[in-house]
Number of protein chains: 2
Amino acid sequence: MKETSSAVSCGNCSVRRLCLPMGLSDEDIARLEQVTRKKKIIKAGETLFRAGDPFTNLYAIRSGSFKSAVIGAGGDVQVTHFALPGELLGLDAYSGSIHPGYAEALEESSVCVLPFTQLEGLAQQVPALQKQIYSIFSEELKQENEALLLLGKRSAESRLAALLINISSRYSRRGYSASEFVLSMSRMDIANYLGLTAETVSRLISRFQKQQLIRVQGRSVSISDLIALSEIAGTHCSYEG
Amino acid sequence: MKETSSAVSCGNCSVRRLCLPMGLSDEDIARLEQVTRKKKIIKAGETLFRAGDPFTNLYAIRSGSFKSAVIGAGGDVQVTHFALPGELLGLDAYSGSIHPGYAEALEESSVCVLPFTQLEGLAQQVPALQKQIYSIFSEELKQENEALLLLGKRSAESRLAALLINISSRYSRRGYSASEFVLSMSRMDIANYLGLTAETVSRLISRFQKQQLIRVQGRSVSISDLIALSEIAGTHCSYEG
DNA sequence: CGGCTTATTGACAGGAGTCAACGCTGGTGG
DNA sequence: CCACCAGCGTTGACTCCTGTCAATAAGCCG
């Protein structure tokens, strides 16, 4: 709450290079800050929005992490995304103006609240921002396509390896260690995201550990053999690649 | 080829209600037509674009159908989408300005070629078009999330039922029969899309037929019991929904 | 410490993949 | 016109990966 009116702005935000301001001039960033004033702190387990909530804001993650998920007709849940700082949440709600899924904080997190109508209006005036919004939409689509590839074609082993590498690379891109990090989500969340069960995930983690690929202590992970892990993640198919 | 310069325009296009013009004024449609003049005919098996091609255009399907697919590091292919008339192809290429996957015609098809920079420029001037573009992006994201749900959580049976219903409803929305239609894609494409094998798909089709849910003759399908099929598609989970 | 959720490990079963043979269909060329 | 071929589709037998069920262990917070 105290941060609601803090001095933090896009210009000096630690994730500005990964977020909306990317590629914008200082002048444009100044204008962008008019719509990014509002911050919000979310505690672990709390939701940013729920399925069915009206769509009014996008949320840019400043710190922490989230899972987003959709809920099927039968009530079954699919985790669709683990979101890290610099990423935007809520894009899939624009059409229909209702959030089709929910976003839940995996740890204490801080977000920028972006009233979409304001952002939209600004983008109309600032072509570079417009492009950046398209780019984020498009990037999201590309990522989901890759997730589809993962779920559709790969073995359980390959999926987990791919997730570890994906998270590793995303942390490293933010300036953190690529080899040591904390998985803020539960085994069940990981399993759900990968289309597996918690037991399978647990067994795979144990196996990777026995194979000296990783070292795990609860939720903290240290990658020992990134190359081998990449190979497992990449190609483990029956036909030659 | 003759259609390239035909009189067909957005204003009288048979799929206008599903395409970009939806919700635009006549005046705005007239402006949009300045960037939708070019049409293209694609024969079955030919590609609209390939993975790695530079991104210059979006394509709006006027008739026919396409599959779009991404190619993994190991060379494995995942069909991500079956596209029908009124739908847009190529959105995931904006960021990176390169097509991450390819789009292949499943039958002789006709598309509008939309040079994206022109479309972008026009959208900057026509807010309603801007909104429509956001909406399409967002809708696409929502659909991909549902696809993730399908691949991650559902049984083979449930997946195939869901695909049949999905295609049925999309055809019916376009004014065709909801119960009788032709699957323009091969069993292998279906299997790939659903994260299954061709054999499993074939077996399931046979089973559905024995259960009197559908009648199949080659690629033409007739749905006999939509209710039962929906139930299979919806909830077939172990825990109560 | 005690009660809770989360994680690990094991035994077992079943669904979907794999391999393989065969039938069907549509196109091509003699 | 028909024979041939190649690719697609169907069916069967068998295997194995992953889910299910269950018991135990390890964290976590009051």
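Below, chain A is the first sequence line, B the second, and so on; all start at residue 1. Everything numeric here is computed off the predicted structure, so don't read it as measured data.
B/R62 and B/S110 are linked by a side-chain donor-acceptor pair at a separation below 3.5 angstrom, with hydrogens and angles left out of the test. Side chains of A/S158 and A/S155: a donor-acceptor N/O pair is absent below 3.5 angstrom, by distance only. Side-chain contact of A/E107 with A/S65: a donor-acceptor pair under 3.5 Å is present, judged by distance alone.
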Write out a two-atom table: protein N or O, nucleotide N or O from nucleotides 8-13 of chain D, distance below 3.5 Å.
from   : atom 1 : to     : atom 2 : distance (Å)
D/dG9  : OP1    : B/R187 : N      : 3.4
D/dG9  : OP1    : B/R219 : NE     : 3.2
D/dG9  : OP1    : B/R219 : NH2    : 3.2
D/dG9  : OP2    : B/R187 : N      : 2.9
D/dT10 : OP1    : B/R187 : NH2    : 3.3
D/dT10 : OP2    : B/R187 : NE     : 2.9
D/dT10 : OP2    : B/S202 : OG     : 2.8
D/dT10 : O5'    : B/S202 : OG     : 3.0
D/dT11 : OP2    : B/S206 : OG     : 2.3
D/dG12 : N7     : B/R203 : NH1    : 2.8

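The separation between A/D76 atom CG and D/dG19 atom P is 15 Å, rounded to whole Å. If you take CG of A/L204 and P of C/dT8, they are 11 Å apart, rounded to a whole angstrom. Regarding A/R207, its CZ atom lies at a distance of 13 Å from the P atom of C/dT9, rounded to whole Å. B/L151 places its CG atom 14 Å from the C1' atom of C/dA16, with the value rounded to the nearest Å. B/E157 has its CD atom 14 Å from the P atom of C/dG17, to the nearest Å. Rounded to an integer number of Å, the gap from CG of B/L194 to P of C/dA16 is 12 Å. Spacing between atom CD of A/Q209 and atom P of C/dA7 amounts to 14 Å, rounded to whole angstrom units.
In this structure, B/F66 and B/V111 have side chains that are in contact, with non-hydrogen atoms separated by less than 4.5 Å. Considering only heavy atoms from C-beta on, A/L106 comes within 4.5 Å of A/D189 through its side chain. With a 4.5 Å cut-off on side-chain heavy atoms, A/E144 and B/E140 do not count as touching.
Taking CG from A/L141 and OH from B/Y94, the interatomic distance works out to 13.5 Å, rounded to the nearest 0.5 Å. Note: B/L151 CG to B/Q78 CD = 6.0 Å, rounded to the nearest 0.5 Å.
Using a cutoff of 4.0 Å between basic side-chain nitrogens and carboxylate oxygens, A/E87 and A/R174 are scored as salt-bridged.
Within the 4.0 angstrom heavy-atom criterion, only backbone atoms of the sugar-phosphate kind lie near B/G195; the bases stay farther away.
Summary of helix geometry: the two end axes of the helix from C/dC1-D/dG30 to C/dG30-D/dC1, each defined by five base pairs via their C1' atoms, are inclined to each other by 40° (rounded to 10°).
If A/Q217 and A/R159 are placed on DNA chain D by their nearest nucleotide, the residue sitting closer to the 5' end is A/R159.
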